[in-house]
Amino acid sequence: MPAADPRDRPIAVFDSGVGGLTVLHELLVTLPQEDFVYLGDSARFPYGERSAGELERFGMDIAEELVARRAKLLVVACNSMTSAALPALQRRMLETTLGVDVIGVVRPEAAQAVAVTHTGRIGLLATRATVASGAYEQAVATVDPHVDLVAVACPELAPLIQDPPGGELFTHELEDVVRGSCAPLVEAGVDTVILGCTHYPLVRPMLQRMLGRGVTIVTSGAALARQVEHALGARGLASRRTGEGTYSFLCTGDDGAFRALGTRFLQMPLTEVEHVDLAPIPITEVPAWPRP
């Protein structure tokens with residue numbers, strides 16, 4: 001049954017597959033008292049080669065499912081989806097009586113990267129869709145227009161991490177792909193690198209080796225978790241619980257495969273994974289919950 005008090009409702013997190021579990025991990029650590037529901041759209045993975053129009057439609061489908069489950073906040077834990085569809089999702093939520101905030105991974109990462117760079121040269125490793133969107137360039141320029149961003153598209157990296165050939169992640173093939181992706185950033189002399197895909201933190205030690213130990217790597221999870229905490233506080237939606245909250249999982253693809261991969265990304269035990277079929281229907285309007 002949906003919680004009567006909005007503070008007792010879950011935070012919803014979604015991604016194209018299991019990669020967003022790296023973001024959920026940070027949220028579970030930062031906000032242990034909150035309840036979470038995670039949706040992995042693994043049936044339509046990967047998002048990185050999708051068009052902006054497709055991603056926007058997918059985002060609306062997912063929002064419908066999570067709103068129906070009475071989420072108090074939506075977290076888009078996918079860089080490709082955030083880059084292509086965040087403004088549309090935010091507008092759609094404002095058009096309803098739900099009053100649900102939507103937070104994406106791009107802006108928190110961009111702000112953190114600008115804060116830590118010393119040379120004003122930042123690198124970005126991301127999917128082709130994220131790089132093509134220009135979302136990071138815009139986000140970085142908003143914080144500091146004098147910072148340079150060098151973006152590198154890595155179309156092979158996320159699929160290799162999520163579905164490694166033979167089931168072995170750390171292979172010479174992966175090493176070659178990581179080395180080739182990092183080479184333009186090393187040549188450009190960046191001192192900070194944004195990991196613009198939630199899959200990439202799983203190979204962070206390999207990335208650090210290729211980039212050099214003097215390069216600071218910025219991931220989306222920690223930066224976004226702080227923004228979620230601030231959003232809940234500003235809206236009076238933080239949980240009143242003093243103990244640990246719960247977390248649950250939905251996926252659109254093979255729930256067994258999701259579970260097998262998920263523990264590696266979450267670094268915590270997975271609960272039961274529920275399979276869902278997303279129907280492309282309009283977001284249902286419900287009465288707005290009471291405001292504190």
Side-chain angles (χ1 to χ4, degrees), residues 1-45 47 58-78 81-82 85-86 89-90 92-93 96 98-105 198 220-221 224-225 227-229 231-232 235 237-241 243-259 261-263 265-279 281 283-284 286 289:
M1 295 295 292
D5 191 309
R7 292 172 292 183
D8 298 330
R9 293 173 179 165
I11 297 168
V13 184
F14 70 90
D15 183 34
S16 60
V18 294
L21 294 173
T22 60
V23 173
L24 179 60
H25 171 89
E26 294 291 346
L27 289 166
L28 289 170
V29 171
T30 304
L31 301 165
Q33 73 281 6
E34 296 288 347
D35 290 339
F36 294 90
V37 56
Y38 179 94
L39 189 151
D41 191 13
S42 49
R44 298 185 288 201
F45 175 86
Y47 279 179
F58 294 173
M60 294 300 177
D61 296 346
I62 294 167
E64 162 68 22
E65 180 67 34
L66 297 175
V67 163
R69 293 172 185 263
R70 305 296 285 163
K72 64 183 179 183
L73 180 72
L74 296 186
V75 176
V76 187
C78 174
M81 176 67 77
T82 300
L86 184 64
L89 285 168
Q90 291 173 329
R92 187 68 184 97
M93 291 295 96
T96 71
L98 297 168
V100 177
D101 286 331
V102 186
I103 297 176
V105 290
T198 53
S220 54
L224 187 139
Q227 187 169 344
V228 168
E229 187 173 21
L232 293 176
R235 294 282 300 276
L237 291 175
S239 173
R240 301 163 295 170
R241 186 185 293 113
E244 292 179 9
T246 63
Y247 53 94
S248 58
F249 303 94
L250 313 169
C251 80
T252 60
D254 185 326
D255 54 320
F258 181 95
R259 186 177 182 84
L261 283 170
T263 303
F265 282 76
L266 186 64
Q267 301 176 52
M268 293 183 187
L270 260 69
T271 58
E272 182 179 352
V273 180
E274 177 187 345
H275 176 82
V276 293
D277 293 311
L278 299 179
I281 54 179
I283 294 174
T284 305
V286 298
W289 52 58

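The basis for the numbers below is simple: all heavy atoms, side chains too, and nothing from hydrogens, waters or symmetry mates.
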Point to revise | From Leu278, Leu66, Val273, Asp255, residue fulfilling side-chain contact (heavy atoms from CB on, under 4.5 Å) relative to Leu250 | key: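 The single option meeting the side-chain contact (heavy atoms from CB on, under 4.5 Å) with Leu250 is Leu66.
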For the residue pair [X] and [Y], establish whether any side-chain heavy-atom pair is separated by less than 4.5 Å.
{"X": "Leu31", "Y": "Phe36", "result": "yes"}
{"X": "Val37", "Y": "Glu65", "result": "no"}
{"X": "Leu266", "Y": "Leu28", "result": "yes"}
{"X": "Leu74", "Y": "Leu89", "result": "no"}
{"X": "Arg240", "Y": "Asp5", "result": "yes"}
{"X": "Thr30", "Y": "Val228", "result": "no"}

Donor-acceptor pair, side chain of [X] and main chain of [Y], under 3.5 angstrom:
{"X": "Ser42", "Y": "Cys251", "answer": "no"}
{"X": "Lys72", "Y": "Arg7", "answer": "yes"}
{"X": "Arg259", "Y": "Leu270", "answer": "yes"}
{"X": "Tyr38", "Y": "Gly20", "answer": "yes"}

How far does [atom1] of [X] sit from [atom2] of [Y], to the nearest 0.5 angstrom?
{"X": "Leu232", "Y": "Leu73", "atom1": "CG", "atom2": "CG", "result": "5.5 Å"}
{"X": "Leu224", "Y": "Leu27", "atom1": "CG", "atom2": "CG", "result": "6.0 Å"}
{"X": "Glu64", "Y": "Arg92", "atom1": "CD", "atom2": "CZ", "result": "9.0 Å"}
{"X": "Leu24", "Y": "Ile11", "atom1": "CG", "atom2": "CD1", "result": "9.5 Å"}

Check your understanding: Given the rule in the side-chain contact (heavy atoms from CB on, under 4.5 Å) test, do Thr252 and Val276 qualify, once you have shown the distances and angles that lead to the verdict?
Key -> CA-CA 5 Å; Thr252 60; Val276 293; 4.1 Å; yes
Practice item. Would you list the pairs meeting side-chain hydrogen bond (donor to acceptor under 3.5 Å, both in side chains) in which at least one residue belongs to residues 13-22, sequence neighbours left out? Key: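 Qualifying pairs: Asp15-Thr198.
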Of the non-hydrogen atoms in [X] and [Y], which two are nearest, and what is the gap between them?
{"X": "Gly40", "Y": "Phe258", "result": "CA-CE1, 4.1 Å"}
{"X": "Ala231", "Y": "Ile103", "result": "CB-CD1, 3.7 Å"}
{"X": "Glu34", "Y": "Leu237", "result": "OE2-O, 4.3 Å"}

Review point. Among all residues two or more places apart in sequence or in another chain, which pass the ring pair (Phe, Tyr, Trp, His ring centres under 6.0 Å) test with Phe14?
Key: none
Practice item. Not counting sequence neighbours, which residues clear ring pair (Phe, Tyr, Trp, His ring centres under 6.0 Å) with Tyr247? List them please. Key: Phe249
Check your understanding: What pairs meet the salt bridge (charged side-chain N to carboxylate O under 4.0 Å, His left out) rule with one or both residues in residues 16-27, with sequence neighbours excluded?
Key -> none
Check your understanding: Taking only residues two or more places apart in sequence, or in another chain, which ones meet Arg241 in a side-chain hydrogen bond (donor to acceptor under 3.5 Å, both in side chains)?
Key -> Asp35
Point to revise | Verdict with supporting geometry, Arg44 and Ile62, side-chain contact (heavy atoms from CB on, under 4.5 Å) | key: CA-CA 12 Å; Arg44 298 185 288 201; Ile62 294 167; 4.3 Å; yes
Exercise for review: Kindly write out the residues that satisfy salt bridge (Lys or Arg N to Asp or Glu O under 4.0 Å) with Glu274, not counting sequence neighbours, or none if the list is empty.
Suggested key: Arg69
